[in-house]
Amino acid sequence: MRLGYPCQNLTLSASTNHSLRLKSLSNQDRVHDAIRRNLEGLESILKWNTNQGWRLFRIGQHLVPFGSYPDFPFDWVDYYGPALERIGRQAQYLRQRLSMHPGQFINPGSPDKDVRSRGLAELRYSATALDLLGASDGVIVLHLGGAYDDRQAAKDRFTDCLASEPQILKYLALECDERTWPITDVVEVANRLGIPAIVDTLHHRINPDQLSLEDAFNLAFPTWGDRRPKIHLSSQDPDKMTGAHSARIEPDDFELMLRVLPRRDVDVMVEAKDKELALSFQKEAAVV
DNA sequence: CTGAGTCAAGGAGTA
DNA sequence: TACTCCTTGACTCAG
């Protein structure tokens with residue numbers, strides 16, 4: 001089992017998610033500044049991870065802030081491609097598996113075609129970043145989004161929107177959510193698109209569709225084929241609404257996951273507010 | 001100077 | 001209809 005965490009490192013005070021206000025996007029100096037800080041953060045985090053034994057990292061979606069917007073002020077692929085290729089080679093040398101996770105605003109299943117096309121742009125931006133990084137085992141994690149009072153139509157639109165997007169599908173994996181789409185629906189859509197499905201342990205507990213966690217793993221893992229499966233591990237914040245991530249992982253949640261995992265060559269993305277600090281107590285289990 | 005509020009993005013849920 | 005939540009760093013503004 002290998003472990004990782006998303007977006008930033010609190011120990012290093014490093015982030016890959018520096019951004020700017022949309023109003024400042026025309027100020028190229030500010031854009032370059034944010035990107036440079038994100039690339040520096042990424043490089044230092046990857047090095048630190050390998051030294052600590054952590055093997056996964058999710059890049060912040062603002063790596064190139066508003067990189068998917070049509071009025072982005074310059075050709076970021078041209079300008080930062082060489083730097084991304086260099087950092088990507090380093091990531092491979094350090095054996096770090098990279099991922100990205102477009103937010104809840106990315107909805108390929110939306111009935112609104114403008115929402116769909118903005119979503120496609122964000123997914124293409126994410127895939128291009130992973131392409132430049134040479135992340136052959138990279139993953140773009142996405143939720144199915146809304147149901148729009150017609151679940152079947154929403155799933156059909158989602159599938160149709162992405163069916164002819166090989167650049168995106170190469171990386172895309174679909175994750176269950178705590179409210180609308182349990183792992184059963186996610187696996188169904190993933191199979192239709194020929195892509196993998198991700199079980200999130202907290203989301204699954206809240207929205208299980210009558211499946212045990214073990215059932216959910218057994219349903220999702222075959223969608224990965226020869227690729228190494230990924231799952232998400234998180235715990236409920238007791239003071240916040242259902243589904244909110246806590247600062248650390250409850251030992252019980254970790255132990256349940258370990259007990260029912262059908263195989264050990266799994267990558268576990270730990271989603272916790274304390275980021276890399278939430279991984280420490282599990283170090284003894286992080287055996288490659 | 002600090003802390004509170006707003007902002008980019010879409011949808012679901014509640015009152 | 002209008003509000004909140006999901007996330008989080010940037011930025012504004014009141015005090």
Side-chain angles (χ1 to χ4, degrees), chain A residues 5-10 12-42 45 58-73 99-126 140-151 153-155 157-158 161 174-182 185 200 202-203 205-207 232 234-247 269-276 278:
Chain A
Y5 58 95
C7 296
Q8 62 185 143
N9 181 298
L10 303 179
L12 297 172
S13 292
S15 169
T16 58
N17 226 14
H18 294 286
S19 187
L20 55 146
R21 295 289 258 265
L22 192 50
K23 265 186 275 184
S24 309
L25 189 58
S26 54
N27 183 336
Q28 295 206 19
D29 289 345
R30 302 273 296 279
V31 181
H32 284 296
D33 193 52
I35 298 173
R36 276 195 289 264
R37 291 170 74 195
N38 288 334
L39 294 179
E40 282 166 22
L42 177 58
I45 288 170
R58 179 192 300 164
I59 299 168
Q61 209 57 28
H62 286 302
L63 180 71
V64 179
F66 305 106
S68 70
Y69 277 50
D71 49 351
F72 188 84
S99 59
M100 296 182 76
H101 190 357
Q104 67 270 45
F105 309 107
I106 306 309
N107 287 292
S110 173
D112 182 332
K113 74 170 167 42
D114 292 334
V115 173
R116 289 200 302 274
S117 76
R118 281 197 291 274
L120 278 176
E122 182 71 12
L123 291 165
R124 288 187 191 119
Y125 146 77
S126 310
I140 298 173
V141 181
L142 187 67
H143 293 288
L144 279 180
Y148 313 95
D149 292 324
D150 186 342
R151 301 175 67 80
K155 288 191 279 191
R157 276 194 305 271
F158 190 98
C161 181
L174 305 179
E175 182 192 356
C176 60
D177 65 74
E178 76 278 22
R179 174 174 300 183
T180 309
W181 302 108
D185 287 305
D200 179 297
L202 177 59
H203 294 163
R205 195 171 71 212
I206 299 165
N207 190 14
H232 289 178
S234 58
S235 290
Q236 174 66 47
D237 186 323
D239 301 323
K240 296 207 175 145
M241 65 180 292
T242 303
H245 292 158
S246 61
M269 176 62 65
V270 175
E271 294 187 323
K273 295 223 186 310
D274 281 357
K275 306 298 179 189
E276 85 285 356

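Every chain is numbered from 1, with letters handed out A, B, ... down the list of sequences. Computed from a predicted structure; not experimentally measured.
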Query raised in the report: Which heavy atom of A/W181 sits nearest a heavy atom of A/A154, and at what distance?
Result: CZ2-CB, 4.1 Å

Requested in this report: Using the P atom as the reference point in each nucleotide, state the distance between C/dC3 and B/dT6 in Å, no decimals.
Outcome: 11 Å

Requested in this report: Determine the contact category for A/A34: base if any of its heavy atoms lies under 4.0 Å from a base atom, sugar-phosphate if only primed atoms, P, OP1 or OP2 are that close, otherwise nothing.
Outcome: nothing

Requested in this report: May I ask you to say what A/Q8 touches in the nucleic acid, namely base, sugar-phosphate or nothing, with a heavy-atom cut-off under 4.0 Å?
Outcome: sugar-phosphate

Requested in this report: Quick one: do A/V31 and A/F66 satisfy side chain to side chain contact (heavy atoms under 4.5 Å, CB included)? Show the steps, please.
Outcome: CA-CA 9 Å; A/V31 181; A/F66 305 106; over 6 Å; no

Report task. Output the single nucleotide from C/dC6, B/dA8, B/dG11 whose closest atom is nearest the side chain of A/S110. Result -> B/dG11

Query - Nearest-Å distance for atom pair OH/C1', residues A/Y148 and B/dG10 - result: 7 Å

Report task. Let me know the distance between NZ of A/K273 and P of C/dG9, rounded to the nearest Å. Result -> 11 Å

Report task. Round to a whole Å and report the spacing from NE2 of A/H232 to P of C/dC6. Result -> 19 Å

Report task. Please step through side chain to side chain contact (heavy atoms under 4.5 Å, CB included) for the pair A/L120 and A/R116, ending with a clear verdict. Result -> CA-CA 6 Å; A/L120 278 176; A/R116 289 200 302 274; 5.7 Å; no

Requested in this report: Under 4.0 Å between any heavy atoms, over every strand shown, what does A/G103 touch: base, sugar-phosphate, or nothing? Just pick one.
Outcome: nothing

Query - Side-chain heavy-atom pair A/H143, A/H203 within 4.5 angstrom cut-off - result: yes

**Report entry** Atom-pair distance (CG on A/L22; C1' on B/dT6), nearest Å
**Finding:** 14 Å

Query raised in the report: Are A/K275 and C/dT7 close enough that a side-chain N or O sits under 4.0 Å from OP1 or OP2?
Result: no

Query raised in the report: Out of B/dA9, C/dG9, B/dG11, which has the shortest distance to the side chain of A/N17?
Result: C/dG9

Query raised in the report: Base, sugar-phosphate alone, or nothing: which one does A/R37 contact when heavy atoms must sit under 4.0 Å apart?
Result: sugar-phosphate

Report task. Describe the nucleic acid contact of A/F66 in one word from base, sugar-phosphate, nothing, applying a heavy-atom distance below 4.0 Å. Result -> nothing

Report task. For C/dT7 and B/dT2, measure between their C1' atoms and round to the nearest Å. Result -> 23 Å

Query raised in the report: Has the side chain of A/R21 got a donor or acceptor that lies under 3.5 Å from a partner of the other kind on the base of C/dA10?
Result: yes

Report task. Work out which heavy atom in A/L42 is nearest to a heavy atom in A/I59; give both atom names and the distance. Result -> CD1-CG1, 4.0 Å

Query - Rounded distance (nearest 0.5 Å) linking atom CD of A/Q8 with atom OG1 of A/T16 - result: 8.0 Å

Query raised in the report: Considering only the C1' atoms, how many Å lie between B/dG5 and C/dT4, rounded to the nearest integer?
Result: 15 Å

Requested in this report: May I have the distance from A/K23 (atom NZ) to C/dT12 (atom P), rounded to whole angstrom?
Outcome: 8 Å

Report task. Among the candidates B/dG10, C/dA10, B/dA9, find the nucleotide nearest to the side-chain atoms of A/V115. Result -> B/dG10

Query raised in the report: The side chain of A/R118 lies closest to which of these nucleotides: B/dA9, C/dG9, B/dG11?
Result: B/dA9

Query - Integer-rounded Å distance: C/dC6 P and A/E271 CD - result: 14 Å

Report task. Sticking with atom P, work out how far B/dA4 lies from C/dC5, rounded to a whole angstrom. Result -> 15 Å

Report summary line: Side-chain atoms of A/F105 come closest, of B/dG11, B/dG10, C/dG9, to B/dG10

Query raised in the report: Roughly, in whole Å, what's the span from CZ in A/R151 to P in B/dG11?
Result: 15 Å

Report summary line: Out of C/dG9, C/dT8, B/dG10, minimum distance to the side chain of A/Q104 belongs to B/dG10

Report task. Grab the two heavy atoms, one from A/I35 and one from A/P65, that are nearest each other, plus how far apart they are. Result -> CG1-CD, 3.7 Å

Query raised in the report: For A/H18 and B/dA8, what is the distance between atoms NE2 and C1' respectively, to the nearest whole Å?
Result: 17 Å

Report summary line: With the side chain defined as heavy atoms from C-beta on, A/T180 is closest, among C/dT7, B/dA12, B/dG11, to B/dA12

Requested in this report: Would you please confirm or rule out a distance under 4.0 Å between OP1 or OP2 of C/dG9 and any side-chain N or O of A/H62?
Outcome: no

